[in-house]
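Structure first, commentary second.
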Amino acid sequence: MQKKEIVARFTEAGFLVNPAVVEYISECGNPRIIEGVISSIPSGTVVVMPKDVPGMTQFRTDKLAVGVSKTPEVLAGKEGSSVPLNDPESSFSMFRDRYDTLSKMMRGRVNPVPVEALVRQGNRFADQNIGVIGLVISISTSAKGHRLVEIEDSTGVITLLFNKDREGFSEAEKIIPDEVIGVKGTLAPQSSGGRGNGMVFADTLFRPDIPLTHTLSPSKEPGCAVFISDVHVGSNTFLPECWEKFNNWLDNHEEVGYLLIDGDVVDGIGIYPDQDKELEIKTIYEQYDKVGELLSNLPKRLKIVLSPGNHDAVRGAEPQPAIPEEFREKFPSNVTFVENPSVVNLQSVNVLMYHGRSIDDLIKFIPGASYEHPGTIMEAMLKRRHLAPIYGQRTPLLSTEKDLLAIRDVPDILHTGHVHITEVVNYRNVLGINAGTWQSQTSFQKQMNINPTPAEAVMVDLSTLGYETLRFLK
């Protein structure tokens, strides 16, 4: 059912309607819900809210059952958990796991028909509203400007046509390779041979997404966590004076019990051409030793969680292993090393840490996306329930038995970095934090006209999930 029709029906009945309610009814595809809601709305109601819709009763979904603890608990991304397949060229099992995992999140909304049945027995589904779910394998635009998307499920391949004149076409333009989507629509008329012609005219697009019923789930215990990323120790653009101010600030704020560092803790060696000309510390061991010294000077009460990024001394393919022990000699004992990505529980608040290299690819494929607004990309990851869906671009992906970059459980906080620009967003009650950097503008960023936000951190009150951006540049 089209969203304009839903809004019009409520307007006819004399009500305004919350966008979340419109989204919910559209996804359910059952117009009878509207009449049921209208008949049960209390007198005096002006705007129909989620609380007025029985199916949208607020409850927590996808939440891992973990008790309150002052010590960070690694729920995913423990050291040694990302094991590559023996045949690195084979990624079938990983993509099959991706399809199985993400399609289950949409199955109840889409009620999919197997692709093979649509192609071979098209007459059974003629003139019916049908659903289908698949992994995107190709995207193109027709001569008339319509969007053609080829998808594959476990039984076959079929083409979806998104009409450029239909409502919601802007979302169809944001479909990217290798994501899992669902649609409702109608099957194209049969060919003369009695078979379906392998095309669905799409009416409604579905993604795994964060459930509309997802609610905030703060800690029942007081405590604060600080989120940073991209420290880049070793670079001649690292800002030691600003780091010292940050250190002093932590000394005077005992309510902060956790520090999460989301990758690129060092600048690395040989990451890009002529990098040696921009290094203050020339060897990788000395860079990590310096990081260890910096962390050792921070308050001992802090529980520090550290994950790698593409500048760190680990393999480039994601998921990335934790920083190896040979580089940890100078690190204090209060540091927990995790893989990239990882899920860490802080006093029952689940934080999904992902450095964010896939942002480079998502910006390339999503119209309107840019480095200046990483919040848009975090929302794109949450909608698709995947951190790095696109295979074969700038982000190398490791072939694993299970897809370890799928967002299986809804986090309370998504913590990313990589782009050196601080931004915080709230998408369906998931807090998205991109935590900036601790180096000033690099020569590469000058060429790309990227203006970083250096020496910033984001503090989150775990008991409310309210946040504050802290700035140490001045």
Side-chain angles (χ1 to χ4, degrees), residues 70-74 77-82 225-254 256-271 275-276 278-316 320-340 342 344 346 353 355 415 417-418 420 435-440 442 454-457 472:
K70 293 292 185 180
T71 302
E73 183 175 0
V74 183
K78 294 180 181 179
E79 290 189 65
S81 60
S82 58
V226 169
F227 297 80
I228 66 173
S229 182
D230 294 86
V231 185
H232 287 277
V233 170
S235 169
N236 60 17
T237 54
F238 172 64
L239 300 168
E241 297 85 1
C242 296
W243 183 269
E244 186 64 27
K245 291 179 183 179
F246 178 50
N247 193 336
N248 293 336
W249 184 90
L250 288 170
D251 284 337
N252 294 296
H253 287 77
E254 295 189 0
V256 177
Y258 308 94
L259 174 63
L260 280 71
I261 308 174
D262 198 15
D264 282 3
V265 67
V266 298
D267 204 51
I269 305 292
I271 306 299
Q275 183 185 14
D276 59 302
E278 300 179 358
L279 289 178
E280 189 76 25
I281 303 175
K282 302 292 187 178
T283 74
I284 191 67
Y285 288 95
E286 289 177 309
Q287 289 182 12
Y288 279 111
D289 285 348
K290 182 61 178 180
V291 174
E293 293 173 8
L294 294 174
L295 299 184
S296 295
N297 290 331
L298 297 178
K300 299 298 184 286
R301 70 173 186 278
L302 286 177
K303 307 295 184 184
I304 302 172
V305 182
L306 193 153
S307 67
N310 56 292
H311 276 250
D312 284 297
V314 297
R315 67 166 176 254
Q320 293 178 293
I323 292 172
E325 290 188 12
E326 63 183 293
F327 301 113
R328 304 181 192 175
E329 184 177 343
K330 297 290 183 67
F331 282 73
S333 60
N334 58 337
V335 177
T336 298
F337 295 89
V338 297
E339 298 191 343
N340 172 42
S342 61
V344 181
L346 310 177
M353 299 178 68
H355 179 65
H415 179 202
H418 188 61
H420 294 202
T437 183
W438 290 87
Q439 67 174 164
S440 58
T442 65
E456 295 188 354
F472 300 95

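Basis for what follows: all heavy atoms, side chains included, without hydrogens, waters or symmetry-related copies. Nothing fancy with the numbering, it's 1 onward along the sequence.
In this structure, Glu244 contributes its side chain and Leu239 its backbone to no donor-acceptor pair below 3.5 Å.
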Identify each donor-acceptor pair in which a side-chain atom of residues 289-298 lies under 3.5 Å from a protein atom, sequence neighbours left out, and give them as a table.
| unit_1 | atom_1 | unit_2 | atom_2 | d |
| --- | --- | --- | --- | --- |
| Ser296 | OG | Gly292 | O | 2.7 |
| Ser296 | OG | Lys330 | O | 3.4 |
| Asn297 | ND2 | Glu293 | O | 3.2 |

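Residue Lys78 qualifies as open at atom NZ: its count of foreign heavy atoms under 6.0 Å is 12 or below.
Summarising the geometry, atom CG belonging to Asp267 is positioned 6.0 Å from atom NE2 belonging to His232; distances are rounded to the nearest 0.5 Å. Atom CD1 of residue Ile284 and atom CZ of residue Phe327 lie 6.0 Å apart, to the nearest 0.5 angstrom. Of the inter-residue distances, the one linking Phe238 atom CZ with Ile281 atom CD1 reads 8.5 Å to the nearest 0.5 angstrom. Taken from OG in Ser307 to CG in Asp312, the straight-line distance is 8.0 Å, to the nearest 0.5 Å. In this structure, CD on Glu241 lies 14.5 Å from CZ on Phe472, to the nearest 0.5 angstrom.
Under the side chain to side chain contact (heavy atoms under 4.5 Å, CB included) rule, Pro308 has a single partner from Asp262, Ile261, Asn340, which is Asn340.
Leu260 is not listed as a side-chain neighbour of Ile228, based on a closest heavy-atom distance of 4.5 Å or more. Side-chain contact between Val233 and Val265 is absent, with no heavy-atom pair separated by less than 4.5 Å.
Taking a cutoff of 4.0 Å between a charged side-chain nitrogen and a carboxylate oxygen, Lys300 and Glu254 do not qualify as a salt bridge.
Phe246 and Trp243 have perpendicular rings, their planes meeting at more than 60° on a 0 to 90° scale where under 30° would count as parallel.
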**Request:** Could you please spell out the steps behind the side chain to side chain donor-acceptor pair (under 3.5 Å) verdict for His418 and Asp230?
**Result:** CA-CA 7 Å; His418 188 61; Asp230 294 86; 5.2 Å; no

